[in-house]
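Below: the structure, in structure tokens.
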Amino acid sequence: MPGPSSTSSRSTSTLSTSLRTHTCGELREEHVGQTVTLCGWVAKYRDHGGVVFIDLRDRYGLTQLVFDPDAGEKLSGDGLNAATHELARGLRGEDVVKVTGTVHARGEGLVNPKLSTGAIEMRASGLTVLNKAVTPPFEPGADQLPGEELRLKYRYLDLRRPALQKIMELRHRLSKVTRDYFDEHGFLEVETPILGRSTPEGARDYLVPSRVHPGEFYALPQSPQLYKQILMVGGTDRYFQIARCFRDEDLRSDRQPEFSQIDIEMSFVGREDVLNAIDGLIAAFSTELLGKEISLPLPRLTHAEALDRFGSDKPDTRFGLELKDISDVAAACEFGVFNKTTASGGKVRGLCAPDAAAKYSRKDLDGLTAFVGEWGARGLAWFRVIEEDGAVKLQAPTAKFFTAEQQTQIIERLSAKPGDLLLFVADKPSVVNAALANLRNRLGKELELYDPAELAALWVLEFPLVTRNEEENRWEAEHHPFCAVHPDDEEKLKSDPGAVRAESYDLVCNGYEAASGSVRIHDPGVQQAVFDLIGMDAEEAERRFGFLLDALKYGAPPHAGIALGLDRWVMILAQLDNIRDVIAFPKTQKAADLMTGAPGEVDGKQLEELHIRTVAPPK
RNA sequence: GGGGCCGUAGCUCAAUUGGUUAGAGUACCGGACUGUCGAUCCGGGGGUUGCGGGUUCAAGUCCCGUCGGCCUCGCCA
């Protein structure tokens with residue numbers, strides 16, 4: 001875990017308790033000669049028949065304890081009686097003990113450079129077993145991790161692993177940096193309700209039945225969106241909250257049913273004010289948590305440019321490998337797949353994998369073809385760039401369909417050199433982008449085109465206000481219905497809705513959507529126009545969001561906000577690709593807690609009180 | 001809702017085309033050993049091969065179903 005400072009390097013004097021004088025990560029040569037008491041878990045025992053070594057572990061580190069049966073004779077003051085020695089011989093992994101002894105410098109050649117406490121050891125004289133452990137299903141200290149199912153069931157054992165403890169510490173410190181930062185900038189942390197009202201659109205709600213209102217339900221918040229806007233109407237001016245959010249949708253490696261947002265809203269601001277505020281927060285994350293300066297302002301891309309260059313609205317910009325369009329060349333060539341696609345309005349785009357021609361066999365390329373198939377691409381055209389008789393040309397079974405001039409055009413368009421591998425997808429633009437964006441991420445990783453420790457954060461601006469739902473034949477809000485319209489595009493609301501840009505912004509980092517927000521509508525006329533566009537009549541809007549619309553009539557300041565995914569930020573900063581590892585008690589892909597068994601059945605009486613009757617699902 | 005991978009000792013894994021008594025490391029138990037830090041050495045116990053069904057002379061292995069975990073498409077304003 002990176003970081004300029006951590007708890008273990010701070011003064012730990014305050015960690016002394018009535019049971020211990022120091023922690024297991026604390027003792028150094030300067031403590032030699034002192035009598036100390038440590039508490040912790042037995043990480044390892046090495047019994048030599050006579051002398052017994054115990055590695056004692058707590059959150060702060062590992063200290064070697066020595067139980068020497070001859071100590072009483074050899075070293076005055078370190079007396080170890082036979083009963084204590086025998087007790088030490090019976091210690092096993094994960095026993096919780098309290099040990100008193102004297103700090104000794106380790107002898108010549110006995111220093112363990114792998115331990116921060118490796119220059120010393122404690123010669124134990126007293127031992128109390130505070131809690132004898134049964135044999136654990138896995139060892140928190142083992143190199144090899146057990147399956148995740150087991151780790152989740154015995155989460156308390158998993159949490160003892162130093163790696164997980166470091167992540168919990170990082171998460172704590174990220175929260176602390178966040179609170180300090182917003183406090184310094186005049187923000188108030190305000191709590192909003194967990195039991196709220198269901199406001200359709202968006203994700204599926206988690207519902208809570210009401211006992212006193214038969215047949216009615218609260219909904220857990222998908223985000224505090226409406227409350228924070230109302231706080232602005234309420235004159236809070238600057239609000240933030242580390243808010244728990246709930247969404248009953250299918251999970252992914254970066255999605256949990258309950259997660260935390262760093263939620264922000266500001267009054268009397270425009271887009272730049274929010275972006276500047278968050279730039280500062282990200283810089284604080286980098287300096288305080290990684291010990292690395294980051295240059296501000298963060299880079300910005302428009303949504304259109306992000307799609308054009310990376311095929312994605314959340315590009316990983318730690319590496320290049322940008323997408324290039326060769327539709328014009330494809331239209332003119334003799335390769336049927338290419339010219340038919342362009343003739344029917346499709347695009348041909350591709351990327352140049354540097355020095356990769358020799359790294360991917362035919363079988364590997366078949367694998368890449370299958371990979372892009374996951375996003376609907378029906379094929380992947382590939383060419384190796386070679387130099388032959390002084391000419392740089394394409395080599396592939398399909399190369400014969402391209403004239404020498406076309407080959408040169410393609411090579412120049414992708415800035416390719418001999419040894420590079422060119423990969424193209426021909427399809428409708430959405431498929432081309434999805435396939436190539438995912439291929440780009442895969443190649444970036446496989447070809448090690450970036451430093452995994454780098455933090456590449458950028459803003460993606462000017463998302464479309466609405467997207468077309470082809471199935472239901474209507475426009476849908478891309479962000480949410482309260483998102484302001486780009487000032488230059490207001491007149492297009494009726495004439496060309498798909499081209500209307502929103503006053504919205506996403507913060508993308510290392511390929512993850514790490515924050516999302518917008519300037520809000522505070523003009524009732526524009527709000528009505530947006531509702532009209534997404535097919536929501538006044539009555540329906542009133543029923544769903546009436547309380548917000550009412551609030552906006554009573555003096556609403558121009559306001560804007562954003563929310564950062566706290567779990568995702570911890571994941572990114574810790575260089576992990578799994579959100580469960582940054583949550584103390586995460587849920588499985590089926591939203592179950594393997595430790596507690598949640599969700600579980602309840603008493604019939606509880607259901608009765610809640611006026612609930614369950615129906616078994618059809619087979 | 002769809003697709004894919006996985007499930008064998010407490011744990012991590014192995015087991016030829018379907019073929020004898022399902023093995024190894026580690027953990028655990030017993031013994032030996034006075035400076036280890038992956039301690040070492042000797043010995044031992046430990047299995048409903050997730051569960052149910054089917055094919056077969058014979059199933060850990062093949063087929064169907066089911067449960068669980070992971071990845072993913074849809075979904076996630």
- Message: Run the side-chain hydrogen bond (donor to acceptor under 3.5 Å, both in side chains) test against R252(A) and tell me which residues pass, sequence neighbours left out.
- Response: none

- Query: Can you give one letter per nucleotide of nucleotides 23-33 of chain B, going 5' to 3': B for a protein heavy atom under 4.0 Å from the base, S for sugar-phosphate only, - for none?
  - Reply: ---SSSS---B

- Message: Can you say whether a donor on the side chain of R580(A) sits under 3.5 Å from an acceptor on the base of rC70(B), or the other way round?
- Response: no

- Query: Checking all strands, does Q64(A) fall into the base, sugar-phosphate, or nothing category for heavy-atom contacts under 4.0 angstrom?
  - Reply: base

- Query: When you compare rA59(B) with rA39(B), how far apart are their P atoms, in angstrom units rounded to a whole number?
  - Reply: 43 Å

- Message: So, using side chain to side chain contact (heavy atoms under 4.5 Å, CB included) as the criterion, who are the partners of T135(A) when residues are at least two apart?
- Response: none

- Query: Which residues pass the side chain to side chain contact (heavy atoms under 4.5 Å, CB included) test with L207(A), sequence neighbours left out?
  - Reply: D205(A), F217(A), A219(A)

- Query: Any donor-acceptor pair under 3.5 Å between the side chain of R151(A) and the base of rG69(B)?
  - Reply: no

- Message: List the residues meeting side chain to side chain contact (heavy atoms under 4.5 Å, CB included) with D537(A), not counting sequence neighbours, and say none if there are none.
- Response: E539(A), E540(A)

- Message: So, under a plain 3.5 Å distance rule, would you say the side chain of D250(A) forms a donor-acceptor pair with the base of rG74(B)?
- Response: yes

- Can you name the residues that form a side chain to side chain contact (heavy atoms under 4.5 Å, CB included) with V129(A), not counting sequence neighbours? L87(A), L91(A), V97(A), K132(A)

- Item | Inter-residue atom distance L157(A).CG - E139(A).CD, 0.5 Å rounding | 10.5 Å

- Round to a whole Å and report the spacing from CZ of R247(A) to P of rC76(B). 10 Å

- Query: Taking N and O atoms by type only, does the side chain of R106(A) place a donor or acceptor under 3.5 Å from a partner on the base of rC37(B)?
  - Reply: yes

- Message: Checking base pairs now: Watson-Crick or wobble, both atom distances under 3.5 Å. What partners rA24(B)?
- Response: rU12(B)

- Message: Taking atom types as they are modelled, would you say the side chain of D55(A) forms a donor-acceptor pair with the base of rC37(B) within the 3.5 Å cutoff?
- Response: no

- Upstream residue (5' side of RNA chain B) when S253(A) and V66(A) are each assigned their closest nucleotide: V66(A)

- Classify the side chain of R255(A) versus the base of rC76(B) as yes if they form a donor-acceptor pair under 3.5 Å and no if they do not. yes

